[in-house]
Trainee: 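Below: one structure in structure tokens.
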Amino acid sequence: MNRKAGSSDSIFFRRHSKRSYLDKNIPDEALARVLEKVRWSPSCSNNQPWRLVLVRDPDRRAELMKALARGNQWAGRAPLLVVVCARREDDYVREDDPVEYHQFDCGLATMSLLLAAAEEGLMSHPMAGYSASDVKSCLGIAPASHVLCVVAVGYEGPPELLDDKTRAKDTAPRTRKALSDIVVWDSFDSR
Ligand SMILES: Cc1cc2nc3c(=O)[nH]c(=O)nc-3n(C[C@H](O)[C@H](O)[C@H](O)COP(=O)(O)O)c2cc1C
């Protein structure tokens, strides 16, 4: 199914990860609605392993930004940084395949966050570009926890707010693999 076949109004298509944020705070009620949707994310055996550290205080945000990669410094303009973390011991670990469901479930909760934010007219941008140990020490996250991602959340601003290199990333066309590259019918042998 291509994009035209779906509803272009759908938050699945409206959600995107750009990098320009307005200097505008998120109303508490909007944030509460987003977090309630995250809370109702599915998880393996309903383990709900995710823990979210909401970093809104400007001084603490500035500290946290030091743990983010140079290429992610645009996130310093977002009024909220959400750090998604979880402990391996709080979820199922497969024995027949090395799958750790605390990571999988945090992915589900993060998608809830991204889509719920889009529903509120907010833009969220997940990031893996950070020093996990620096994020943990900045926020008092136990060493045994995994930091799965940091999500910038706020209102989207114009590309003009960005430096040239970052603006080039944001104005590049968004792409995806063809459906035939990611879906097979009935078995991999059918390729
Ligand atoms: C786990 C994860 C880590 C990511 N890390 C970064 C990052 O460190 N910096 C960045 O600019 N974007 C990051 N992204 C955003 C992706 O580049 C983006 O989702 C992808 O290019 C698709 O674009 P879209 O979200 O607009 O559909 C990350 C996304 C995910 C899901």
Side-chain angles (χ1 to χ4, degrees), residues 1-22 34 37-38 41-43 49-53 55 61 63-86 88 91 99-136 138-139 141 145-179 181-183:
M1 188 194 297
N2 63 27
R3 180 182 161 153
K4 287 198 188 79
S7 161
S8 57
D9 288 339
S10 162
I11 51 165
F12 282 81
F13 300 123
R14 278 194 282 123
R15 180 213 61 81
H16 58 217
S17 311
K18 304 239 178 200
R19 297 169 179 82
S20 176
Y21 284 97
L22 295 177
V34 169
K37 287 169 185 162
V38 172
S41 300
S43 60
W50 45 76
R51 298 293 179 270
L52 273 52
V53 187
V55 184
R61 257 196 302 131
E63 277 303 305
L64 180 58
M65 284 308 301
K66 294 180 193 164
L68 266 58
R70 196 155 5 119
N72 281 336
Q73 290 305 307
W74 48 266
R77 292 183 58 94
L80 176 68
L81 296 172
V82 180
V83 178
V84 180
C85 53
R88 183 178 189 266
D91 212 333
V99 176
E100 301 187 355
Y101 282 88
H102 68 297
Q103 302 181 346
F104 183 93
D105 289 345
C106 280
L108 293 174
T110 301
M111 190 60 176
S112 298
L113 173 65
L114 305 185
L115 294 175
E119 271 193 333
E120 294 291 339
L122 294 160
M123 180 175 72
S124 54
H125 191 138
M127 293 169 279
Y130 50 78
S131 155
S133 59
D134 289 354
V135 171
K136 287 182 196 181
C138 175
L139 302 176
I141 297 168
S145 279
H146 295 291
V147 177
L148 284 313
C149 65
V150 177
V151 186
V153 188
Y155 291 97
E156 184 173 357
E160 292 71 41
L161 294 176
L162 298 169
D163 61 64
D164 291 351
K165 201 172 162 188
T166 311
R167 187 166 58 247
K169 285 187 199 169
D170 264 18
T171 48
R174 293 170 70 228
T175 60
R176 286 298 189 270
K177 292 179 180 171
L179 200 54
D181 291 334
I182 60 171
V183 174

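Atoms within each ligand, like the ligands themselves, are counted from 1 in listed order. When reading the values below, keep in mind they use all heavy atoms of this one structure, side chains included, and skip hydrogens, waters and symmetry mates.
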Trainee: Rounded to the nearest 0.5 Å, what's the gap from OG on Ser10 to CG on Leu115? Could you check?
Mentor: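 CG of Leu115 is found 8.0 Å from OG of Ser10.
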Trainee: Can you tell me if Glu100 and His146 form a side-chain donor-acceptor pair at under 3.5 Å?
Mentor: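 No pair is found: no donor N or O on one side chain lies under 3.5 Å from an acceptor on the other.
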Trainee: Exactly one of Met65, Lys66, Arg19 should register a side chain to side chain contact (heavy atoms under 4.5 Å, CB included) with Gln73. Which one does?
Mentor: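 When Met65, Lys66, Arg19 are each tested with Gln73, the side chain to side chain contact (heavy atoms under 4.5 Å, CB included) holds only for Met65.
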Trainee: Counting heavy atoms not belonging to Tyr155, are there more than 12 under 6.0 Å from its OH?
Mentor: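 Counting other residues, nucleotides and ligands, OH of Tyr155 exceeds 12 neighbours.
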Trainee: Given 3.5 Å as the limit, does a donor-acceptor pair link the side chain of Arg15 with the main chain of Ala118, or not?
Mentor: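 A pair under 3.5 Å: no.
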Trainee: Report the relative orientation of the aromatic rings in Trp74 and His125; use parallel for angles under 30°, tilted for 30 to 60°, perpendicular for over 60°.
Mentor: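 Tilted, since the angle between the ring planes falls between 30° and 60°.
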Trainee: Report every pair formed by an N or O atom of ligand 1 and a protein N or O atom separated by less than 3.5 Å, giving atom names and the distance to 0.1 Å.
Mentor:
unit_1	atom_1	unit_2	atom_2	d
ligand 1	5 (N)	Ala128	N	2.9
ligand 1	8 (O)	Asn72	ND2	2.9
ligand 1	8 (O)	Ala128	N	3.3
ligand 1	8 (O)	Gly129	N	3.0
ligand 1	9 (N)	Asn72	OD1	2.8
ligand 1	11 (O)	Arg19	NE	3.3
ligand 1	11 (O)	Arg19	NH2	3.0
ligand 1	11 (O)	His125	NE2	3.3
ligand 1	12 (N)	His125	NE2	2.8
ligand 1	14 (N)	Pro126	O	3.0
ligand 1	25 (O)	Arg15	NH1	2.9
ligand 1	25 (O)	Arg15	NH2	3.4
ligand 1	25 (O)	Ser17	OG	2.5
ligand 1	26 (O)	Ser17	N	2.9
ligand 1	26 (O)	Arg174	NE	3.0
ligand 1	26 (O)	Arg174	NH2	3.4
ligand 1	27 (O)	Arg15	NH2	2.9
ligand 1	27 (O)	Arg174	NH2	2.6
ligand 1	27 (O)	Arg176	NH2	2.6

